[in-house]
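Step one of this worksheet: look at the structure below.
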Amino acid sequence: MIWLLTSLLSVASADALNVPETSYTGATILEGDTDVWFNEVTDANYEQSDYTYAFFEGNTLYVGNSDNYGNSVDGIVEFFWFESSIDRGSDFYVAVVKVRATPGRDCPWYLGGTDCELWADDWQDWGEYPVVSVEAITDVSREQGAFRWDWAVPFENYGVDAYGQISVSNQYGIGANVSAGAEGSAMTAVSLPDGTNINGVPVGGNAAGSAEIQSKGYLNSEFMVQTQYETTLYEWDVFVNGRADLMAWDTYLNLGERANQSAYYEYFLPIQVEFGHNFYMDQFNFVSNFDIGNINPFAYELGLSLQGVEIAPPFYEEPEPSSEPAEEPVEEVEEEDTAAPEQEDTGDSEASEEELELDGDTPAPVKTGCNSVDKAIWLGLFVVPFVLRRRE
């Protein structure tokens, strides 16, 4: 079901489009080849391909595949770990997945044309095949983590009918704000062109207009990852299949109006795993379907599969306690203990010396390190006789 609201979430307003690419607060981006790694990358059809690639550039994972026709599927993935989260005895991650499918310009002429196209469900293409498909698979029998399908964006099927660019904003957040619920996701379409429909409901025609496609829960702006992007597809649908062991998004192009353009989409993949355990993803698949000629009625599939993706919490080493701070309080206490008697002794001794100076026969007392009892005895021996003589 699609909800259309008259007001935007504060984090998904038109002003949020000023934020480029992906932004995050209260989260830590995981380091490639250290916190996240994979075993191998293969062609989606398990064929030998010289064009398949997957590598980390810094903390960003680049994946892709292409063919001799110029068709290509490319993806960028970044993994985040939330520093603060609802106490479920788990670590929480979210993978931001950005995928693009681009048709080539060198399709065989004997198949009816020189330009390839995205596969569209129109009169010349038989059957429905996704132009962009992302699939994540794990084995829950290991009891070592699962996909949080309820917070995936999008987490429901929906469709958009529009001609022109649509700006889309995705947000996912999980934080420690107990009073506000502190977990939520949202997907909002803004800057809508005229004639835009979302699930058959017209929402376009206003440059400042907006439509909340999907929302759930509460988004805490202090612990949130968000993206914004633009898509130019014309009449497309997104079908979502979410389970603990599977998250799959399939984007279909309903008409061929934009079939010669790139299809771009972004997905959020939330993950939950027990504290102290790594998360293991058996497969991470990226697939697209192309039309390589009007005479050819069959879809041409191109894609790649990452095998054995493993995610670990960022390494944190507690600082070792230093011996210097522990010694300082001890020294201060000793100084205070020794200083206090000296101050008392100084005051009494000075007073005694002034009084004794009046009697030239009585020598001034000498300061010692004796305890208070000894001092009292010595003071008594000198001061009492002096006072008695003064009274006489």
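Position 1 is the first residue of the sequence, and the numbers go up from there.
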With respect to Thr251, which candidate in Trp236, Tyr264, Tyr267 satisfies the side-chain hydrogen bond (donor to acceptor under 3.5 Å, both in side chains) definition?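 Considering Trp236, Tyr264, Tyr267, a side-chain hydrogen bond (donor to acceptor under 3.5 Å, both in side chains) with Thr251 is found only for Tyr267.
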Between the side chains of [X] and [Y], is a donor N or O closer than 3.5 angstrom to an acceptor N or O?
X      : Y      : answer
Thr102 : Ser262 : yes
Asn71  : Tyr51  : no
Ser133 : Asp250 : yes
Thr60  : Glu78  : yes
Thr42  : Glu40  : no
Asp106 : Asn68  : no

SB check Arg142 Asp282 (cutoff 4.0 Å):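 Salt bridge flag = yes for Asp282 with Arg142.
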Are [X] and [Y] side-chain neighbours, meaning at least one heavy-atom pair lies under 4.5 Å?
X      : Y      : value
Val96  : Phe80  : yes
Asn254 : Asp237 : yes
Phe286 : Val77  : yes
Val36  : Glu310 : no
Asp91  : Trp81  : yes
Phe155 : Trp149 : no

Test of understanding: clusters of I, L, V, M, F, W, Y form through side-chain heavy atoms closer than 4.5 Å, transitively. Do Val309 and Phe56 belong to the same one?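 Yes, because Val309 and Phe56 connect within a single hydrophobic cluster, where side-chain heavy atoms sit under 4.5 Å apart.
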CZ of Arg105 to CG of Asp115: how many Å apart, nearest 0.5 Å?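 One finds 5.0 Å between CZ of Arg105 and CG of Asp115.
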Anything under 30° is parallel, anything over 60° is perpendicular, the rest tilted; go ahead and classify Tyr300 against Phe290.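 Ring orientation, 0 to 90° scale: tilted.
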In a check of side chain to side chain contact (heavy atoms under 4.5 Å, CB included) between Tyr53 and each of Asp74, Val41, Asn65, which one passes?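 Between Tyr53 and the candidates, side chain to side chain contact (heavy atoms under 4.5 Å, CB included) is satisfied uniquely by Asp74.
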Ring centres under 6.0 Å, that's the criterion: do Phe82 and Phe92 meet it?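 Judged by ring-centre distance (under 6.0 Å), Phe82 and Phe92 do not meet the cut-off.
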Ring centroids only, cut at 6.0 angstrom: are Phe279 and Tyr93 within range, meaning strictly under it?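 Not close enough - the centres of the two rings lie 6.0 Å or further apart.
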